[in-house]
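In what follows, a structure is listed as structure tokens, so that the remarks can point back to it.
Both counts, for ligands and for their atoms, begin at 1 and track the order of listing.
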Amino acid sequence: MKIGLFGYGKMGKMIEQIAQDRGHTIVAKIDDPSQEADYTSMDVAIDFSTPEAAFDNITNCFRNKVPVISGTTGWLDNYSEAIKICEDNKSAFIYASNFSLGVNIFFELNKHLATMMAELEQYKVSMEEIHHTQKLDAPSGTAITLAEGIIENSPYKKWELDKSGDKIIPIKSIREGTVPGTHSIAYDSPVDRIEIKHEAHNREGFALGAVIASEWIQEKVGIFSMKDVLNLS
Ligand SMILES: NC(=O)C1=CN([C@@H]2O[C@H](COP(=O)(O)OP(=O)(O)OC[C@H]3O[C@@H](n4cnc5c(N)ncnc54)[C@H](O)[C@@H]3O)[C@@H](O)[C@H]2O)C=CC1
Ligand SMILES: O=C(O)C1=N[C@H](C(=O)O)C[C@H](O)C1
């Protein structure tokens, strides 16, 4: 498979290594808006760039019929517009706030726990995410997906950064050192606490998931998710 990388930072470099180990070729490394992309050489584009760059990178690929795997977080205000451009051009797309197998299992566990806790008013939910100090967005994309999973399955109505209140999920974002990504969800009552946590030890899980998604999307048209790729029900 011939892969075009959009974003050649921490994740781009990790993806290059894993893709090459799996026998794929990197045909482009776009790391700056001034670089021209040769879309004709790509079977797939993998975008791990910046919140400002992601929308243009992704939609330029769609217009050139290149399927896209995007892990960039912090750009989702433009998600619906990107989907429309993908559909208009009969291209293919997977966005995931987190490509690791472990976090995708954790997403399902979180929804199941939220369903179990939905009627138990003595428990109040809260969320914490910890990442490295270079991270541009807060809360993390993964924390937003987790909050959406709770909102779909409980009376909670929205999430807020550092704010609690009725039917609000408070999210605390901590930035320290080189932490690759830790997410925890807690339900506290006056007498006890239930907590679930996912801790990434490094970035390999994110990168492997993105490469597996790129292999999976070949010859497909439409909008998909990591649940489709991993066959999680
Ligand atoms: N979904 C997932 O599983 C994961 C998502 N991420 C997300 O991926 C993104 C990238 O993360 P990192 O690699 O850690 O960041 P990074 O800062 O190390 O790399 C981003 C790269 O994008 C480049 N860039 C800037 N403008 C660009 C443009 N117009 N086109 C292409 N590249 C451009 C920068 O020069 C930089 O090298 C972030 O949004 C992060 O939150 C990170 C890890 C896992
Ligand atoms: O910026 C990161 O590093 C990460 N970003 C993603 C997010 O915002 O959830 C995924 C992972 O936690 C690492």
Side-chain angles (χ1 to χ4, degrees), residues 3-19 26 28-37 39 42 45-61 66 68-79 93-107 110 127-149 159 161 171-185 197-214 224-227 229-230:
I3 301 174
L5 293 177
F6 288 78
Y8 191 59
K10 291 181 284 301
M11 280 302 296
K13 292 187 176 97
M14 180 63 73
I15 289 166
E16 175 181 42
Q17 198 183 308
I18 287 178
I26 306 300
K29 297 173 192 173
I30 308 293
D31 198 49
D32 179 294
S34 65
Q35 278 177 266
E36 293 254 324
Y39 298 99
M42 300 174 196
I46 304 183
D47 172 82
F48 281 75
S49 57
T50 65
E52 291 70 32
F55 179 79
D56 284 348
N57 286 341
I58 293 165
T59 54
N60 286 336
C61 290
V66 177
V68 180
I69 303 303
S70 176
T72 308
T73 53
W75 66 277
L76 290 190
D77 288 351
N78 300 115
Y79 180 78
F93 187 39
I94 296 176
Y95 163 76
S97 61
N98 199 306
F99 276 94
S100 76
L101 172 62
V103 162
N104 281 276
I105 292 168
F106 191 64
F107 285 152
N110 168 57
M127 201 183 296
E128 186 180 279
E129 55 99 344
I130 313 173
H131 283 86
H132 54 94
T133 52
Q134 291 175 349
K135 186 159 179 59
L136 298 178
D137 53 321
S140 67
T142 305
I144 294 172
T145 306
L146 288 164
E148 287 168 348
W159 59 265
L161 200 52
I171 305 179
K172 186 172 176 189
S173 292
I174 298 168
R175 298 290 171 259
E176 75 188 23
T178 57
V179 178
T182 301
H183 294 86
S184 52
I185 298 145
K197 178 174 172 180
H198 178 275
E199 187 174 350
H201 295 319
N202 52 51
R203 292 185 173 79
E204 279 181 44
F206 312 137
L208 176 61
V211 175
I212 288 172
S214 310
F224 304 98
S225 73
M226 276 309 271
K227 263 184 95 165
V229 176
L230 298 171

Starting from [atom], locate the nearest protein heavy atom and write down its residue, its atom name and how far away it is, to 0.1 Å.
{"atom": "atom 26 (N) of ligand 1", "result": "Ala53 CB, 3.9 Å"}
{"atom": "atom 4 (C) of ligand 1", "result": "Phe48 CE2, 3.5 Å"}
{"atom": "atom 24 (N) of ligand 1", "result": "Asp31 O, 3.4 Å"}
{"atom": "atom 13 (O) of ligand 1", "result": "Met11 N, 2.8 Å"}
{"atom": "atom 6 (N) of ligand 1", "result": "Gly71 O, 3.6 Å"}
{"atom": "atom 19 (O) of ligand 1", "result": "Gly9 CA, 3.4 Å"}
{"atom": "atom 30 (N) of ligand 1", "result": "Asn57 ND2, 3.2 Å"}
{"atom": "atom 2 (C) of ligand 1", "result": "Ser97 O, 3.4 Å"}

Candidate with minimal heavy-atom separation from [atom], of [options]:
{"atom": "atom 39 (O) of ligand 1", "options": "Asn60, Thr73, Asp137", "answer": "Thr73"}
{"atom": "atom 22 (O) of ligand 1", "options": "Ser49, Ala213, Ser140", "answer": "Ser49"}
{"atom": "atom 14 (O) of ligand 1", "options": "Lys13, Met14, Lys10", "answer": "Lys10"}

Going by the atom numbers of ligand 1, which of them fall below 4.0 Å from some non-hydrogen atom of [X]?
{"X": "Tyr8", "answer": "37 (O)"}
{"X": "Ile30", "answer": "31 (C), 32 (N)"}
{"X": "Gly7", "answer": "22 (O), 31 (C), 32 (N)"}
{"X": "Thr72", "answer": "8 (O), 39 (O)"}
{"X": "Asn98", "answer": "1 (N), 2 (C), 3 (O)"}

How close do [X] and [Y] get, counting heavy atoms only, and between which atoms?
{"X": "Val68", "Y": "Cys61", "value": "CG2-CB, 3.4 Å"}
{"X": "Ala213", "Y": "Met226", "value": "CB-SD, 4.0 Å"}
{"X": "Phe48", "Y": "Ala210", "value": "CE1-CB, 3.8 Å"}
{"X": "Thr142", "Y": "Ser97", "value": "OG1-O, 3.4 Å"}
{"X": "Ala37", "Y": "Phe6", "value": "CB-CZ, 4.0 Å"}

Lys10 atom NZ: more than 12 heavy-atom contacts under 6.0 Å: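 Above 12, so yes.
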More than 12 heavy atoms of other groups within 6.0 Å of Asp32 CG: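 Atom CG in Asp32 is crowded, with more than 12 foreign heavy atoms closer than 6.0 Å.
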Please examine the side chains of Pro33 and Asp56, heavy atoms only from C-beta on, and report whether any two atoms are closer than 4.5 Å.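 The answer is no; the side chains never approach within 4.5 Å.
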Min side-chain heavy-atom separation Arg175-His131 under 4.5 Å: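 Arg175 vs His131: side chains touch.
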Stepwise side-chain contact (heavy atoms from CB on, under 4.5 Å) check, Lys135 with Thr73: CA-CA 10 Å; Lys135 186 159 179 59; Thr73 53; 3.4 Å; yes
Regarding Ser140 and His183, do their side chains bring together a donor and an acceptor under 3.5 Å, going by distance alone?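 A donor-acceptor contact under 3.5 Å links the two side chains.
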Under a 3.5 Å threshold, yes or no: a donor from one side chain and an acceptor from the other, between Glu199 and Thr182?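 Side-chain D/A pair, Glu199 to Thr182: absent.
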Parallel, tilted or perpendicular, as decided by the 30° and 60° cut-offs, for the rings of Phe55 and Trp75: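 Ring orientation, 0 to 90° scale: tilted.
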Does only the side chain of [X] get under 4.0 Å from ligand 1, or the backbone, or both, or neither? Count heavy atoms.
{"X": "Pro51", "result": "neither"}
{"X": "Lys135", "result": "side chain"}
{"X": "Asp56", "result": "neither"}

Test side-chain contact (heavy atoms from CB on, under 4.5 Å) on Trp159 and Leu146; report intermediate values, then the result. CA-CA 10 Å; Trp159 59 265; Leu146 288 164; over 6 Å; no
Proximity flag Ala96 to ligand 1, non-hydrogen atoms under 4.0 Å: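 Contact check Ala96 vs ligand 1: positive.
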Could you establish whether His132 and ligand 1 come within less than 4.0 Å of each other, counting only heavy atoms on the residue side?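 In this structure, His132 fails to qualify as a contact of ligand 1 - no heavy atom is under 4.0 Å.
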Pairs under 3.5 Å, N/O atoms on ligand 2 and on the protein: can you put them in a table with the distances?
{"unit_1": "ligand 2", "atom_1": "1 (O)", "unit_2": "Lys135", "atom_2": "NZ", "d": "2.9"}
{"unit_1": "ligand 2", "atom_1": "3 (O)", "unit_2": "His132", "atom_2": "NE2", "d": "2.8"}
{"unit_1": "ligand 2", "atom_1": "5 (N)", "unit_2": "Lys135", "atom_2": "NZ", "d": "3.1"}
{"unit_1": "ligand 2", "atom_1": "8 (O)", "unit_2": "Thr73", "atom_2": "OG1", "d": "3.4"}
{"unit_1": "ligand 2", "atom_1": "8 (O)", "unit_2": "Lys135", "atom_2": "NZ", "d": "2.7"}
{"unit_1": "ligand 2", "atom_1": "8 (O)", "unit_2": "Gly141", "atom_2": "N", "d": "2.8"}
{"unit_1": "ligand 2", "atom_1": "9 (O)", "unit_2": "Gly141", "atom_2": "N", "d": "3.3"}
{"unit_1": "ligand 2", "atom_1": "9 (O)", "unit_2": "Thr142", "atom_2": "N", "d": "2.8"}
{"unit_1": "ligand 2", "atom_1": "9 (O)", "unit_2": "Thr142", "atom_2": "OG1", "d": "2.5"}
{"unit_1": "ligand 2", "atom_1": "12 (O)", "unit_2": "His131", "atom_2": "NE2", "d": "2.6"}

Just to verify, what does Tyr8 make a ring-ring contact (aromatic ring centres under 6.0 Å, His included) with, not counting sequence neighbours?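 Residues passing ring-ring contact (aromatic ring centres under 6.0 Å, His included) with Tyr8: none at all.
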When you look at Asn98 and Phe107, which way does the side-chain contact (heavy atoms from CB on, under 4.5 Å) test go after all the steps? CA-CA 10 Å; Asn98 199 306; Phe107 285 152; 4.2 Å; yes
